[in-house]
Structure formats: C-alpha cells, structure tokens
Amino acid sequence: MAYWLMKSEPDVFSIDDLAREPGGRTHWDGVRNYQARNMLRDDMRKGDLVFFYHSNCEVPGIVGIAEVIREGYVDHTAFDPDDKHFDPKSSPDKPRWYMVDIRFQRKLDRTISLKELKALSDGKLRGFPLVQRGNRLSVMPITEAQWQLVLALE
DNA sequence: GCCAACGTTGGC
DNA sequence: GCCAACGTTGGC
C-alpha cells in the first residue's frame with residue numbers, strides 16, 4: 001500500500017465537502033499537470049491512503065485522511081466546454097487527463113499546519129515533498145515513515 | 001494583492 | 001531544440 005498527499009482549496013472543495021458527499025466519495029477531477037496525471041493514472045492503487053491538504057487558505061495544512069477506492073480512469077470533465085478545467089486537446093479517443101475516486105475516512109483531530117511541517121523539514125521530515133522548495137504538485141507521493149511521522153503529530 | 005517558482009506554449 | 005512570454009500555483 002502506498003501513501004499520498006492531495007491538495008485542495010477549501011473554498012472550492014474542502015474535507016467537509018468530501019465528508020458530505022454521498023458515501024463520502026468523490027472523483028478527483030481537474031488535475032491538469034502531467035506529473036500529477038501520471039501518478040493518478042499509473043501509480044495510485046485501491047486501498048492507498050491519502051492525506052487531504054487544504055491550500056490557499058488561512059491555515060494551510062493537512063486536515064484529514066481519505067482512501068483511494070477507484071484507480072486511474074479518464075477525466076471526462078476535460079471534454080466539457082462548460083467545465084472550468086475544459087481542455088480542447090483532450091478527447092475521448094485520445095484522453096489526456098485522468099482521475100481517481102477517493103472516499104472520506106476521517107478528519108484529523110486538528111490541522112497539522114504547513115508551518116508546523118516546515119519547522120520539521122530540516123529534521124524528522126527531511127525530504128517531505130510538501131515542504132520541498134518549489135514543489136507545487138497537487139498530488140504527491142509520501143513514504144510510510146513520513147505518513148507515520150505526520151500522524152504522530154496529531 | 002504580491003511575487004517566486006514553476007509549467008506550458010509557440011515562434012524561430 | 002531553444003527560449004521568451006505568458007499563465008498558474010500557492011504561501012504570505
């Protein structure tokens with residue numbers, strides 16, 4: 001089993017929004033970055049666990065846990081001209097973008113803030129991709145050790 | 001709202 | 001294939 005971190009702007013889709021979805025499930029559409037796409041399409045497996053991260057908000061940080069329940073499949077929102085993430089270069093015969101389905105597992109007891117994670121980036125959390133300079137991927141792999149370290153902070 | 005750090009696009 | 005211009009992300 002692998003571990004991931006996925007970013008979402010809470011104003012757009014928060015951990016509470018995920019919890020409110022029927023069955024706590026949603027499809028993770030709208031990723032339009034090739035590196036992230038490759039992970040969604042090729043690497044994420046059913047049963048993998050995901051840290052749900054709130055970005056671009058008052059207290060950016062890890063707020064909850066979700067589980068991958070469906071592996072990579074075509075992101076059909078790219079075909080919809082009315083969709084915010086419409087991409088005319090993606091078509092059903094030649095799809096360019098992929099997504100997975102995730103299911104809400106739980107909220108953390110508290111937000112593990114970016115600030116707190118950064119403070120550990122020279123020590124215990126060295127190499128944690130979220131706090132590596134310049135990393136703006138919205139989906140990133142993390143190690144089991146990193147997963148456990150973050151949970152220990154909770 | 002600013003801006004650093006990237007990624008993408010497209011002319012050449 | 002290079003690289004300038006432009007767009008996006010996301011912390012602050």
Side-chain angles (χ1 to χ4, degrees), chain A residues 2-21 26-44 48-66 68 71-102 104-143 145-147 149-154:
Chain A
Y3 299 90
W4 305 91
L5 181 146
M6 302 207 294
K7 296 180 185 173
S8 187
E9 298 188 20
D11 291 347
V12 179
F13 192 81
S14 71
I15 186 76
D16 292 320
D17 292 327
L18 177 63
R20 275 196 292 271
E21 291 286 320
T26 195
H27 45 92
W28 202 257
D29 61 276
V31 172
R32 298 291 180 266
N33 169 284
Y34 288 104
Q35 236 182 305
R37 187 279 310 270
N38 292 347
M39 291 188 270
L40 292 170
R41 189 188 58 191
D42 306 331
D43 301 331
M44 296 183 84
D48 286 357
L49 293 177
V50 176
F51 276 140
F52 196 105
Y53 177 87
H54 280 174
S55 68
N56 212 358
C57 58
E58 203 175 330
V59 183
I62 296 168
V63 294
I65 296 174
V68 177
E71 297 178 7
Y73 63 107
V74 172
D75 181 348
H76 55 80
T77 66
F79 310 143
D80 176 3
D82 294 327
D83 193 277
K84 192 183 166 207
H85 302 289
F86 173 60
D87 180 357
K89 291 177 181 165
S90 188
S91 67
D93 346 335
K94 274 201 156 186
R96 177 175 290 199
W97 305 113
Y98 286 77
M99 59 188 177
V100 298
D101 287 356
I102 62 169
F104 175 79
Q105 216 174 58
R106 70 179 180 91
K107 280 175 79 166
L108 298 189
D109 294 338
R110 64 184 190 86
T111 299
I112 311 294
S113 69
L114 176 63
K115 193 175 169 190
E116 196 174 343
L117 295 167
K118 272 188 173 164
L120 296 171
S121 65
D122 283 336
K124 286 196 288 189
L125 278 179
R126 182 183 299 280
F128 193 56
L130 183 72
V131 293
Q132 268 173 352
R133 191 168 151 275
N135 191 344
R136 293 178 315 163
L137 285 178
S138 61
V139 178
M140 54 185 82
I142 66 181
T143 67
Q146 289 163 348
W147 178 271
L149 278 165
V150 171
L151 276 186
L153 297 173
E154 182 186 11

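The chains referred to below are lettered A, B, ... by the order of the sequence lines, with proteins before strands, and numbering in each begins at 1.
Rounded to an integer number of Å, the gap from Met140(A) CE to dC6(B) C1' is 13 Å. Computed from coordinates, the His54(A) NE2 to dT9(C) P distance equals 17 Å when rounded to whole Å. Computed from coordinates, the Gln35(A) CD to dG7(B) C1' distance equals 10 Å when rounded to whole Å. As rounded to whole Å, 16 Å separates atom C1' of dC6(B) from atom CG of Leu130(A). Distance CD1 (Ile62(A)) to P (dG11(C)): 12 Å, rounded to an integer number of Å. At whole-Å resolution of the value, CZ in Arg136(A) and P in dC3(B) are 17 Å apart. Between the NE2 atom of His85(A) and the P atom of dG7(C) there is a distance of 18 Å, given to the nearest Å. Rounded to an integer number of Å, the gap from Arg32(A) CZ to dG7(C) P is 19 Å.
Each of dT9(B), dG10(C), dG7(B) was ranked by its minimum atom distance to the side chain of Asn33(A); first place goes to dG7(B). Listed nucleotides dT8(B), dG11(C), dT9(B) differ in distance to Pro60(A); the shortest reach to its side chain belongs to dG11(C).
Each of Arg96(A) and Asn56(A) has a nearest nucleotide on DNA chain B; the 5'-most of these lies closest to Asn56(A).
Dashed line: the shortest gap from a side-chain N or O of Lys7(A) to OP1 or OP2 of dT9(C) is not under 4.0 Å. Side-chain N/O atoms of Tyr53(A) include one lying less than 4.0 angstrom from OP1 or OP2 on dG11(C). One finds no side-chain N or O of Lys118(A) lying less than 4.0 angstrom from the OP1 or OP2 phosphate oxygen of dG10(C). The side chain of Lys115(A) places no N or O atom within less than 4.0 Å of a non-bridging phosphate oxygen (OP1 or OP2) of dG11(C).
The side-chain heavy atoms of Ser121(A) and Phe128(A), taken from C-beta on, include no pair separated by under 4.5 Å. Between Pro10(A) and Glu58(A), the closest side-chain pair of non-hydrogen atoms is not below 4.5 Å.
Checking Ser14(A) against Asp17(A) by side-chain atom types alone, a donor-acceptor pair falls below 3.5 Å. Counting only N and O atoms by type, the side chains of Tyr98(A) and Asp42(A) include no donor and acceptor under 3.5 Å apart.
Of the candidates Leu114(A), Leu125(A), Asn135(A), Leu114(A) is the only one forming a side chain to side chain contact (heavy atoms under 4.5 Å, CB included) with Leu130(A).
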